[in-house]
Visitor: 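Okay, handing you the structure first.
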2 protein chains.
Amino acid sequence: MLRRFNRTWTQRVGVLEETHLGTGLPLAAARVLWEVGGRDGADGDGTTVRDLRARLGLDSGHLTRLLRRLEDDDLVRVTPDQRDRRRRLVGVTAAGRERCDRLERRSQDLAERLVEPLTERQRDRLAEALATADLLVRAATLELRTVDPDEPDARAAVARYVAELDDRFAAGFAPGPLDTGGLRPAERGAFVLAVSDGDPVACGGLRDLGEGWAEVKRMWVDPSWRGAGLGARMLRHLEAEAARGGFAGVRLDTHGSLTEAIAMYERAGYRRTERYNDNPDAEVFFEKQLGWDGSAR
Amino acid sequence: MLRRFNRTWTQRVGVLEETHLGTGLPLAAARVLWEVGGRDGADGDGTTVRDLRARLGLDSGHLTRLLRRLEDDDLVRVTPDQRDRRRRLVGVTAAGRERCDRLERRSQDLAERLVEPLTERQRDRLAEALATADLLVRAATLELRTVDPDEPDARAAVARYVAELDDRFAAGFAPGPLDTGGLRPAERGAFVLAVSDGDPVACGGLRDLGEGWAEVKRMWVDPSWRGAGLGARMLRHLEAEAARGGFAGVRLDTHGSLTEAIAMYERAGYRRTERYNDNPDAEVFFEKQLGWDGSAR
DNA sequence: AACAGTCTCTGACTATAGTCAGAGATGTGG
DNA sequence: CCACATCTCTGACTATAGTCAGAGACTGTT
């Protein structure tokens with residue numbers, strides 16, 4: 001199905017990619033302009049050349065020439081970066097912004113014209129099917145990355161996790177300074193971040209409880225990513241990680257109000273158990289024995 | 001949604017397009033090989049150069065060179081067409097077929113690897129969403145073409161229509177030689193073909209009944225296209241056509257066993273009426289008044 | 001047989017994308 | 001301050017995609 005759909009899509013909707021026609025710019029230049037214009041807020045100098053190179057995967061010489069062409073057309077302005085004068089800042093000009101908007105409108109137009117022959121109901125069905133496919137494809141292609149719990153992305157994810165718990169708990173949830181102890185390989189722990197397009201969208205940690213138990217901590221999934229099985233996947237990943245680390249089982253605690261999470265743990269083969277710590281925010285306790293490969297024994 | 005999805009798709013699944021990497025062939029050459037290999041049955045000479053040019057939209061000089069390159073690599077054989085010696089036939093060699101298969105496998109592999117992180121259930125959901133989107137996108141992009149009812153594609157569509165009725169009617173349906181009378185503009189009629197990828201997937205005709213009535217004839221939708229509102233769309237198209245031709249209303253007859261069709265006519269605003277002809281296969285009769293724009297009055 | 005049209009091929013181009021080596025200016029750690 | 005790294009730019013390439021005009025072989029029509 002994937003391949004059949006891919007053929008249909010590229011044949012009929014590929015047109016959306018050809019928005020650069022009509023801008024008078026070759027594809028590569030249009031992509032650069034788009035990247036600069038898209039990131040650029042009001043009119044400030046949006047990005048550095050270096051950044052563009054990384055994001056678009058272009059050769060430095062190639063990019064320099066593309067930028068010069070855009071500069072000659074007065075679509076883009078390149079100025080030295082005062083903070084580090086090896087670098088150069090790139091920003092769109094008014095004309096460049098206008099061109100970006102035109103591209104945007106053109107693309108929007110094409111999209112609308114495409115679905116125009118469909119009835120209202122069909123359009124809704126199409127949008128729904130595409131939303132489902134979008135979520136699943138993004139879920140399939142995200143990356144689970146083991147990181148240090150103190151790196152910025154990791155801290156950002158945990159901050160969102162805390163903010164959400166604070167929102168949901170009647171009594172609020174305000175732990176002291178966020179403790180990242182025990183979540184590093186050196187302490188037989190781990191912290192895993194799910195990253196999509198560079199943004200953290202889920203996280204989860206492991207900590208050594210002693211006596212062969214690992215504890216799952218800080219499981220969080222971005223709200224817009226729920227319903228894609230991401231939590232279960234993170235959990236499986238952490239279990240495999242724990243099994244690889246020689247743990248015989250996994251435990252976790254959670255608040256009674258997190259019913260979806262509890263349902264997920266039950267589906268994943270966790271069984272309720274006695275309180276094993278004195279966490280005041282925890283009400284429900286789970287555990288699961290691990291097979292050699294992280295599967296339930 | 002369409003544009004958001006398009007971004008996700010091209011970014012993550014675009015890889016499928018890069019199957020040509022690893023074949024050692026540049027994109028254009030790989031596309032040509034694919035086109036030849038795909039059409040070619042066993043090992044016979046599959047297509048003509050002319051055909052390739054039309055299907056891939058390539059310049060004749062460009063294609064000649066691409067073919068020569070493939071020929072030099074012994075992937076393709078080009079021989080004169082004995083039936084018209086201006087033309088040349090193109091077929092894949094054994095090596096070319098092997099290369100095509102490799103491409104195919106590679107593409108299949110990539111598709112499988114892509115969905116690999118998903119659970120069985122998610123994969124099913126993805127496949128279903130893509131199937132829905134596929135049908136709707138193809139439905140949105142098909143072409144309604146008014147043609148002569150005697151042209152080959154039109155005859156083929158009508159033949160499938162007749163075959164299907166013959167299948168479904170207990171008593172069979174074997175009209176005499178298929179009458180295309182009354183379905184041409186010169187007779188105030190019309191015959192419309194819905195074409196997707198060059199294949200007829202639905203049809204419908206109009207005929208002058210006299211006294212301001214047009215009659216809808218030979219409405220048929222390819223079974224694999226049902227559920228995409230194609231019948232209703234064809235009907236709306238024919239009504240607009242009739243209104244444009246100055247008819248005040250539309251009538252049609254149908255067999256009582258075609259319950260989906262009957263439901264569709266009712267949804268489209270048709271009302272049952274008295275028998276207005278002596279068609280022995282017809283049991284149910286409908287009519288609808290037309291507004292100036294083909295809408296119900 | 002003449003002629004207009006079709007089909008493929010050749011030659012001579014252009015534009016785009018991309019690679020590679022290194023120059024020159026600037027920053028950073030010891 | 002020096003050595004080394006980083007960042008951008010230049011020059012000199014190559015490969016690919018594509019365009020255009022016309023030549024030469026062939027076909028169908030009159």
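Numbered from 1 within each chain, the chains take letters A, B, ... in sequence-line order.
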Visitor: At under 4.0 Å between heavy atoms, which parts of nucleotides 24-30 of chain D does protein reach? Answer with one letter per nucleotide, 5' to 3': B base, S sugar-phosphate only, - none.
Guide: -BBS---
Visitor: For A:Asp81 and for A:Arg31, locate the closest nucleotide of DNA chain C by heavy-atom distance; then report the residue assigned to the nucleotide nearer the 5' terminus.
Guide: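 Final value for this comparison: A:Arg31.
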Visitor: Kindly indicate whether the side chain of B:Leu67, heavy atoms from C-beta on, has any atom under 4.5 Å from the side chain of B:Val49.
Guide: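 Side-chain contact under 4.5 Å: yes.
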Visitor: By nearest atom, which of the nucleotides D:dG18, D:dA17, D:dC9 is closest to the A:Val49 side chain?
Guide: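 Of all the options, the side chain of A:Val49 is nearest to D:dC9.
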Visitor: Does a salt bridge link A:Arg68 with A:Glu71, judged by any charged N lying under 4.0 Å from a carboxylate O?
Guide: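 Here A:Arg68 does not pair with A:Glu71 in a salt bridge, since their nearest N and O are not under 4.0 Å apart.
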Visitor: Nearest whole angstrom, please: distance from the P of C:dT26 to the CG of A:Leu89.
Guide: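 Going from CG in A:Leu89 over to P in C:dT26 covers 15 Å.
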Visitor: Of the nucleotides C:dT8, D:dT8, D:dA17, which one has an atom closest to the side chain of A:Arg53?
Guide: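 For A:Arg53, the side-chain atoms sit closest to D:dT8.
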Visitor: In this structure, how many angstroms lie between the C1' atom of C:dT8 and the CG atom of B:Asp51, rounded?
Guide: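 Between C1' of C:dT8 and CG of B:Asp51: 14 Å.
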Visitor: So, A:Asp134 and A:Arg138, do they make that salt bridge, N to O below 4.0 Å?
Guide: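 A salt bridge is present here (some side-chain N lies under 4.0 Å from a carboxylate O).
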Visitor: Over how many whole Å does the gap from B:Asp59 atom CG to C:dC7 atom C1' extend?
Guide: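 Answer to the nearest Å: 13 Å.
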Visitor: Determine whether A:Arg155 and A:Asp150 make a side-chain contact, defined as any pair of heavy atoms from C-beta on separated by less than 4.5 Å.
Guide: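 A:Arg155 reaches A:Asp150 side chain to side chain.
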Visitor: Between B:Leu52 (CG) and C:dC7 (P), how many Å, whole number?
Guide: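 In whole Å, C:dC7 P lies 14 Å from B:Leu52 CG.
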Visitor: Rounded to the nearest angstrom, tell me the gap between atom CZ in A:Arg88 and atom C1' in C:dG27.
Guide: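 Whole-Å distance recorded here is 17 Å.
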Visitor: Rounded to whole angstrom units, what separation is found between the CG atom of B:Leu56 and the P atom of D:dT19?
Guide: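 Nearest whole value for this atom pair: 13 Å.
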Visitor: Restricting to non-hydrogen atoms, name the atom on B:Arg55 and the atom on B:Asp51 that form the minimum distance, rounded to 0.1 Å.
Guide: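 Of all heavy-atom pairs spanning B:Arg55 and B:Asp51, the closest is NH1-OD2, 2.7 Å.
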Visitor: Go through C:dC7, C:dT19, C:dT16 for me and flag the one nearest to the A:Pro26 side chain.
Guide: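 Selected nucleotide (nearest to the side chain): C:dT16.
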Visitor: Looking at DNA chain C, which of residues 60-69 of chain A put a heavy atom within less than 4.0 Å of it?
Guide: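 Contacting residues: A:His62, A:Arg65, A:Arg69.
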Visitor: At their closest point, which heavy atom of B:Glu35 faces which heavy atom of B:Leu52, and how far apart are they?
Guide: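 Scanning both residues, the minimum pair turns out to be CG-CD2, 3.7 Å.
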Visitor: Which atom names give the shortest non-hydrogen contact between B:Ala111 and A:Leu2, and what distance separates them?
Guide: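 Closest heavy-atom pair between B:Ala111 and A:Leu2: CB-CD2, 3.9 Å.
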Visitor: I need the CZ-C1' distance between B:Arg87 and C:dG5, as an integer number of Å.
Guide: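 Interatomic distance, CZ of B:Arg87 to C1' of C:dG5: 13 Å.
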Visitor: Mind checking what makes side chain to side chain donor-acceptor pair (under 3.5 Å) contact with B:Glu143, not counting sequence neighbours?
Guide: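 Partners of B:Glu143 under the side chain to side chain donor-acceptor pair (under 3.5 Å) test: B:Arg145.
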Visitor: Are A:Gln108 and A:Glu104 close enough that a side-chain donor and a side-chain acceptor fall under 3.5 Å?
Guide: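 Not at all, the side chains of A:Gln108 and A:Glu104 share no donor-acceptor pair under 3.5 Å.
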